[in-house]
Amino acid sequence: MVAHRLTVIGTGYLGTTHAAAMAELGFEVLGLDIDEDRIARLAAGDLPFYEPGLPELLRRNLAAGRLRFTTSYAELAEFGDVHFLCVGTPQRQGENAADVSFVDSAIRSLVPLLRREALIVGKSTVPVGTAARVAGLIGELTSENVELAWNPEFLREGFAVQDTLHPDRIVAGVPSAAAEKILREVYAAQIGEGVPFLTTDYPTAELVKVSANAFLATKISFINAMAEVCEATGADVTKLSQALSYDDRIGGKFLGPGLGFGGGCLPKDIRAFMARAGELGVDQALSFLREVDAINIRRRHRMVDLARDLLGGSFDGRGVAVLGAAFKPDSDDVRDSPALDVAAAIQQQGGVVTVYDPQANANAARAQPSLSFAASTAEAARGADVTLLLTEWREFRDLDPEALGTLVAVRNIVDGRNALDPERWRAAGWTYKALGRP
Ligand SMILES: NC(=O)C1=CN([C@@H]2O[C@H](COP(=O)(O)OP(=O)(O)OC[C@H]3O[C@@H](n4cnc5c(N)ncnc54)[C@H](O)[C@@H]3O)[C@@H](O)[C@H]2O)C=CC1
Ligand SMILES: O=C(O)[C@H]1O[C@H](OP(=O)(O)OP(=O)(O)OC[C@H]2O[C@@H](n3ccc(=O)[nH]c3=O)[C@H](O)[C@@H]2O)[C@H](O)[C@@H](O)[C@@H]1O
């Protein structure tokens with residue numbers, strides 16, 4: 001292994017995972033964030049978010065002395081020769097476009113402090129054209145030989161460690177053979193395992209990332225559009241999806257019908273992609289993504305309607321148990337969470353909503369302080385007139401309809417993720433409704 005010293009700038013979901021995984025591979029790694037509290041917690045081995053397997057990786061590598069954290073850009077510039085940029089690129093307030101100001105600000109903090117040759121590796125998801133612009137900015141900020149590569153990340157929350165150590169592919173937009181050589185050294189373990197390593201120009205690398213997320217979002221909205229048609233015809237979208245999945249050309253992954261996609265990535269990435277296409281004068285090429293977004297949001301409205309119908313047309317004063325707040329299971333992330341959106345909408349319409357999520361209660365309470373939260377399924381369900389399964393955590397999939405039935409006021413359930421067996425719930429006396437299913 002070539003002994004590069006790596007730094008990771010921005011220690012959120014992506015950066016912390018990347019830092020700990022690269023340390024696990026044997027590199028010395030220094031992580032930096034501008035959030036002092038976050039850095040203090042990470043340095044103490046206390047992961048500030050939920051990600052299976054990551055606490056162990058973090059603690060093991062802290063203890064081994066391969067992984068450290070700082071808030072000092074001076075220390076970071078002195079320490080490393082390969083700097084991974086993992087700061088956030090959220091949706092701009094009130095707009096579709098991405099806010100890349102954190103990328104620029106990190107570059108402005110780091111580059112003037114570099115005293116020797118270095119490679120900066122952008123991992124954040126950015127609008128196409130960003131890397132070329134940032135490379136120009138780096139040139140203005142230093143006369144040292146500092147190159148920029150763009151190496152987008154494809155990890156999924158909930159599987160972040162596995163996806164980082166064993167990715168499907170590594171893609172890097174590189175400016176030179178020297179930059180490519182360094183990246184091959186950094187990713188030698190993955191490349192040695194047979195992971196495809198593709199080098200491209202900057203715009204191709206940037207586009208691979210956003211087009212991958214656009215494709216995944218489209219696949220989910222495709223099956224949810226079929227769910228709408230199923231609802232109008234009495235067909236069953238879960239059977240339809242299963243039948244489609246046996247066609248290898250279609251494949252079953254990301255064909256799960258239900259409440260649709262949320263999170264800190266798919267929604268904001270398709271919107272930023274459309275905004276960028278507009279700037280480039282090719283908005284027509286991506287106009288289908290407007291539909292993908294609209295189908296996705298319609299599922300949330302449909303969910304609210306189904307629950308209201310079960311209550312005879314009004315939520316007023318009725319008890320609603322919401323199971324799930326995270327945007328997907330095995331995550332505590334509530335960014336653009338369909339579950340939380342539905343819970344808030346029902347509360348606004350007069351429902352007495354109690355939410356329970358195995359990991360996301362705290363984040364959800366920060367995002368939606370007006371909602372009430374319970375410490376368990378039983379506490380959320382007690383006295384409920386309708387129960388909604390909105391995030392398919394294992395413990396919700398495994399719920400016993402008999403046991404839950406003794407707690408609720410009325411045995412009404414809406415399965416927002418098609419995660420339950422309708423026959424079993426109906427046999428236990430529940431009125432079972434689901435999206436896209438009779
Ligand atoms: N969360 C995920 O599963 C994945 C995220 N991505 C992309 O990675 C990027 C980061 O995403 P997350 O980790 O989810 O975001 P996050 O919001 O969890 O973390 C971003 C971190 O950057 C820090 N930061 C902001 N400005 C900074 C600066 N100037 N210097 C140092 N640190 C700074 C923030 O304090 C925060 O801790 C985004 O572009 C996202 O689209 C890509 C693949 C997967
Ligand atoms: O760019 C990113 O940050 C990441 O975005 C997604 O990862 P993630 O947001 O962690 O979650 P996914 O597993 O993709 O799920 C996204 C949403 O789609 C929903 N989904 C997923 C699959 C499905 O069949 N149906 C469905 O509704 C999930 O419930 C969830 O709300 C991509 O899968 C990653 O490859 C990518 O790196």
Side-chain angles (χ1 to χ4, degrees), residues 7-19 31-39 41-42 48-49 51 70-73 76 83-91 98-110 122-127 130 151-160 163-164 167-169 209-210 212-217 219-224 227 241 245 251-270 272 296 299 324 326-339 341 390-392 416-419 435:
T7 82
V8 172
I9 300 169
T11 55
Y13 288 92
L14 165 58
T16 304
T17 310
H18 194 68
L32 173 145
D33 206 286
I34 48 174
D35 181 336
E36 289 179 8
D37 179 52
R38 171 166 288 249
I39 287 300
R41 289 183 62 178
L42 286 169
F49 54 89
E51 181 61 44
T70 184
T71 53
S72 161
Y73 268 103
L76 182 112
H83 305 279
F84 287 98
L85 200 57
C86 299
V87 297
T89 50
Q91 191 173 340
D99 179 356
V100 291
S101 63
F102 302 103
V103 171
D104 285 31
S105 137
I107 292 289
R108 288 182 190 281
S109 301
L110 169 68
K123 291 199 77 62
S124 303
T125 303
V126 291
T130 302
N151 165 220
E153 177 58 53
F154 302 98
L155 70 80
R156 298 158 297 166
E157 290 177 23
F159 301 89
D163 286 351
T164 306
D168 289 341
R169 76 296 210 186
K209 172 66 202 176
V210 285
N213 276 0
F215 188 85
L216 295 171
K219 212 172 166 193
I220 297 168
S221 277
F222 174 83
I223 199 64
N224 283 333
S241 166
S245 76
K253 291 182 181 159
F254 275 69
L255 212 56
L259 196 49
F261 59 82
C265 295
L266 296 191
K268 69 126 167 107
D269 286 350
I270 61 168
N296 191 52
R299 289 290 77 189
F327 82 106
K328 68 173 200 182
D330 298 316
S331 171
D332 65 352
D333 197 342
V334 299
R335 288 178 286 185
D336 204 338
S337 166
D341 244 19
L390 303 185
T391 312
E392 70 278 31
R417 292 293 178 182
N418 285 304
L435 293 165

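Just so you know, ligand 1 is whichever comes first in the structure, and atom 1 is the first atom listed for that ligand. In this text the structure is predicted, and so the values were computed from the model without any measurement. Reckoned from all heavy atoms, side chains included, excluding hydrogens, waters and symmetry mates.
The protein atom (non-hydrogen) at minimum distance from atom 15 (O) of ligand 2 is K328 CD, 3.9 Å. The shortest contact between atom 20 (C) of ligand 1 and any protein heavy atom is with G88 N, 3.5 Å. When only non-hydrogen protein atoms are considered, atom 31 (O) of ligand 2 lies nearest to F327 O, 2.8 Å. Ranking the protein heavy atoms by distance from atom 18 (O) of ligand 2 puts F261 CB, 3.2 Å first. Protein heavy atom in closest approach to atom 37 (O) of ligand 2: L155 O, 2.6 Å. L266 CD2, 4.0 Å is the protein heavy atom nearest to atom 6 (C) of ligand 2. Protein heavy atom closest to atom 3 (O) of ligand 2, with residue, atom name and distance, is C265 SG, 2.3 Å. Nearest to atom 14 (O) of ligand 2 among the protein's heavy atoms is F254 CZ, 3.2 Å. Of the protein's non-hydrogen atoms, T89 OG1, 3.5 Å is the one closest to atom 38 (C) of ligand 1. In this structure, atom 43 (C) of ligand 1 lies nearest to the protein heavy atom E153 O, 3.4 Å. The single protein non-hydrogen atom nearest to atom 35 (O) of ligand 2 is F154 O, 2.7 Å, given as residue, atom name and distance.
Atoms NZ and OG, on K209 and S124 in that order, are 10.5 Å from each other to the nearest 0.5 Å. Atom-to-atom distance recorded for F261:CZ and D336:CG is 8.5 Å, nearest 0.5 angstrom.
Here K219 has no heavy atoms under 4.0 Å from ligand 2, in either its backbone or its side chain. Counting heavy atoms under 4.0 Å from ligand 1, residue C265 touches it through the side chain alone. When non-hydrogen atoms are compared, ligand 1 lies under 4.0 Å from neither the backbone nor the side chain of R156. By the criterion of a heavy-atom distance under 4.0 Å, the side chain of L216, and not its backbone, is placed next to ligand 2. Counting heavy atoms closer than 4.0 Å to ligand 1, residue F159 contributes nothing at all.
The atoms of ligand 2 that sit less than 4.0 Å from any heavy atom of E153 are 37 (O). For ligand 2, the atoms lying closer than 4.0 Å to a non-hydrogen atom of E157 are 10 (O). Residue-ligand proximity, N213 to ligand 2, at heavy-atom distances under 4.0 Å covers atoms 1 (O), 2 (C), 5 (O), 32 (C), 36 (C). Here is the list of ligand 2 atoms found below 4.0 Å of a heavy atom in L255: 24 (O). Shown in contact with K268 at under 4.0 Å from a heavy atom are these atoms of ligand 1, numbered in order with element: 40 (C), 41 (O). Each of the atoms 28 (C), 29 (N), 30 (N), 31 (C) of ligand 1 lies under 4.0 Å from some heavy atom of Y73.
Remark: ligand 2 and P338 share no N or O pair separated by less than 3.5 Å (distance only, no angle test). Between D269 and ligand 1, a contact under 3.5 Å exists for no N or O pair. For K209, no nitrogen or oxygen atom sits less than 3.5 Å from a nitrogen or oxygen atom of ligand 1, counting backbone and side chain alike. The shortest N/O to N/O separation between I220 and ligand 2 does not fall below 3.5 Å. When only interatomic distances are considered, the shortest N/O to N/O separation between L14 and ligand 1 falls below 3.5 Å. Considering both main-chain and side-chain atoms, S105 comes within under 3.5 Å of ligand 1 through a nitrogen or oxygen pair.
Of the possible polar contacts, none joining the E51 side chain to the E157 backbone as a donor-acceptor pair under 3.5 Å is found. Listed for the N296 side chain is no donor-acceptor partner under 3.5 Å among the backbone atoms of S221. K268 places no side-chain N or O within donor-acceptor distance of the main-chain N or O of Q91, the cut-off being under 3.5 Å. In this structure a side-chain-to-backbone donor-acceptor pair under 3.5 Å is missing from T130 to V126. Listed for the N418 side chain is a donor-acceptor partner under 3.5 Å among the backbone atoms of P257. Between the side chain of T89 and the main chain of V100, no donor-acceptor pair closer than 3.5 Å is present. Side-chain atoms of N224 come within 3.5 Å of backbone atoms of G258 as a donor-acceptor pair (strictly under, hydrogens ignored).
Every residue two or more places apart in sequence or in another chain was checked for a salt bridge (charged side-chain N to carboxylate O under 4.0 Å, His left out) with D99, and none qualifies.
The option with the heavy atom closest to atom 23 (C) of ligand 1, from among V87, V8, D33, is D33. For atom 14 (O) of ligand 1, the candidate residues are K123, E157, R335; the nearest heavy-atom contact is made by R335.
In this structure, S109 does not count as a contact residue of ligand 1, since none of its heavy atoms falls inside 4.0 Å of the ligand. The shortest separation from a heavy atom of R417 to ligand 2 is under 4.0 Å, placing the residue in contact. Residue contacts with ligand 2 leave out K253, since none of its heavy atoms falls under 4.0 Å from the ligand. Ligand 2 has G260 within reach: a non-hydrogen atom of the residue lies less than 4.0 Å from it.
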Going through the distances and angles, do L85 and K123 end up as a side chain to side chain contact (heavy atoms under 4.5 Å, CB included)?
CA-CA 6 Å; L85 200 57; K123 291 199 77 62; 6.0 Å; no
Does Y73 form a side chain to side chain contact (heavy atoms under 4.5 Å, CB included) with I9? I'd like the steps, not just the answer.
CA-CA 9 Å; Y73 268 103; I9 300 169; 3.2 Å; yes
Start with the C-alpha gap between L390 and R417, add the side-chain angles, then the distance that decides, and say whether side chain to side chain contact (heavy atoms under 4.5 Å, CB included) holds.
CA-CA 6 Å; L390 303 185; R417 292 293 178 182; 5.8 Å; no
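Between F49 and Y13, the ring-plane angle classifies as tilted under the 30° and 60° cut-offs.
A 6.0 Å sphere centred on CZ of F222 holds no more than 12 heavy atoms belonging to other residues, nucleotides or ligands.
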